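Only heavy atoms go into these numbers, but all of them, side chains included; no hydrogens, no water, no symmetry mates. A quick note: this is a predicted structure, and the numbers were derived from the prediction, not measured.
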Amino acid sequence: MLEINFLPFPILKTKRFLLRQLNANDADAILSLRSNDEVMKYIPRPYLKTKEEALELIAMFDDKIENGIGINWGIYFLEEPENLLGIIGYYRMKPEHYRAEVGYMIFPEHSGKGIVSEALQKVVEYGFKEMKLHSIEAVLDPENKGSEKVLLKNGFTKEAHLIENEYYEGRFLDTMIYSLLNK
């Protein structure tokens with residue numbers, strides 16, 4: 001079974017972006033991201049309503065990092081390390097299977113510019129090289145064509161389309177699973 005340690009926090013850089021740990025200074029941006037109708041359209045999670053809830057979410061992320069059960073990075077332009085573009089991370093860890101679920105969200109005004117794809121490449125590289133994962137999965141709403149396009153562009157393969165396997169806010173939802181193997 002994998003034993004994962006995210007301390008000290010791994011700061012990642014791509015050609016254009018800095019992926020760093022979120023902190024209290026990001027609370028307003030996290031609130032804005034997690035309360036945006038376009039961002040949350042395909043994510044069956046409650047909206048954030050207050051800055052305090054955003055701070056609690058950041059604290060939960062920190063706790064997961066400290067306990068090696070999850071990691072999230074804020075995505076920023078290299079020259080603007082305080083202006084949050086989105087978040088990306090490993091949300092559900094399955095260390096007994098050498099597998100983790102990657103997830104991401106980005107502000108709509110930055111969508112379609114290759115930001116998620118570039119960040120995903122670096123996070124996948126970290127997952128395979130540093131975390132020693134065998135496979136990485138992404139779970140998405142079948143209607144989320146943008147996310148599906150990013151995953152396919154980055155070599156992920158569709159594993160499954162699960163019918164009404166999640167229940168959220170009074171209705172059953174389908175999910176699709178895409179994965180990438182460490183070869």
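- Applying the salt bridge (Lys or Arg N to Asp or Glu O under 4.0 Å) test to every pair with at least one member in residues 149-163, sequence neighbours left out, gives these pairs: Arg99-Glu159.
- Residues Val139 and Phe156 do not share a hydrophobic cluster, defined by chaining ILVMFWY side chains whose heavy atoms lie under 4.5 Å apart.
- Thr50 OG1 to Leu48 CG: the interatomic distance, rounded to the nearest 0.5 Å, is 7.5 Å.
- For Arg16 and Phe77, the positive end is not near the middle of the six-membered ring at less than 6.0 Å and at most 45° from its axis.
- Salt bridge Arg171/Glu164: absent, no basic N to carboxylate O contact under 4.0 Å.
- At a threshold of 4.5 Å between side-chain heavy atoms, the hydrophobic network of Ile, Leu, Val, Met, Phe, Trp and Tyr places Ile177 and Val150 in two separate groups.
- Looking at Glu53, its side chain does come within 3.5 Å of a backbone N or O of Lys49 through a donor-acceptor pair.
- Between the side chain of Lys145 and the main chain of Pro142, a donor-acceptor pair closer than 3.5 Å is present.
- Put simply, the side chain of Ser32 never gets that close to the backbone of Asp28: no donor and acceptor are under 3.5 Å apart.
- Applying the 6.0 Å contact sphere to CD of Glu109 captures more than 12 heavy atoms from other residues, nucleotides or ligands.
- Residues Asn72 and Tyr91 have side chains in contact (heavy-atom distance under 4.5 Å, counting atoms from C-beta outward).
- No single ILVMFWY cluster, assembled from side-chain heavy atoms under 4.5 Å apart, contains both Leu181 and Leu151.
- Both Ile11 and Leu78 belong to a common hydrophobic cluster when Ile, Leu, Val, Met, Phe, Trp and Tyr are linked at side-chain heavy-atom distances under 4.5 angstrom.
- No donor-acceptor pair closer than 3.5 Å links the side chain of Tyr178 to the backbone N or O of Glu137.
- Tyr90 contributes a side-chain N or O that, together with a main-chain N or O of Val123, makes up a donor-acceptor pair within less than 3.5 Å.
- Among the candidates Val102, Ile136, Asn154, the single residue satisfying the side chain to side chain contact (heavy atoms under 4.5 Å, CB included) test with Val124 is Ile136.
- Between Thr14 and Gln121, every side-chain heavy-atom pair lies at or beyond the 4.5 Å cut-off.
- Note on Ile87: it does not cluster hydrophobically with Tyr42, by side-chain heavy-atom contacts below 4.5 Å among ILVMFWY residues.
- With hydrogens and angles ignored, the 3.5 Å screen pairs a side-chain donor or acceptor of Asn182 with a backbone N or O of Leu133.
- In this structure, the side chain of Asn67 does not engage the main chain of Ile69 through any donor-acceptor pair within 3.5 Å.
- Residues Leu173 and Tyr167 fail the side-chain proximity criterion, which asks for heavy atoms closer than 4.5 Å.
- Counting heavy atoms from C-beta on, the side chains of Ile30 and Leu55 never come closer than 4.5 Å.
- Put simply, the side chain of Asn144 gets close to the backbone of Ser147: a donor and an acceptor are under 3.5 Å apart.
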Next on the checklist: Would Phe6 and Trp73 count as a ring pair (Phe, Tyr, Trp, His ring centres under 6.0 Å) here? Give the steps.
Outcome noted: CA-CA 12 Å; Phe6 297 121; Trp73 290 271; 7.4 Å; no
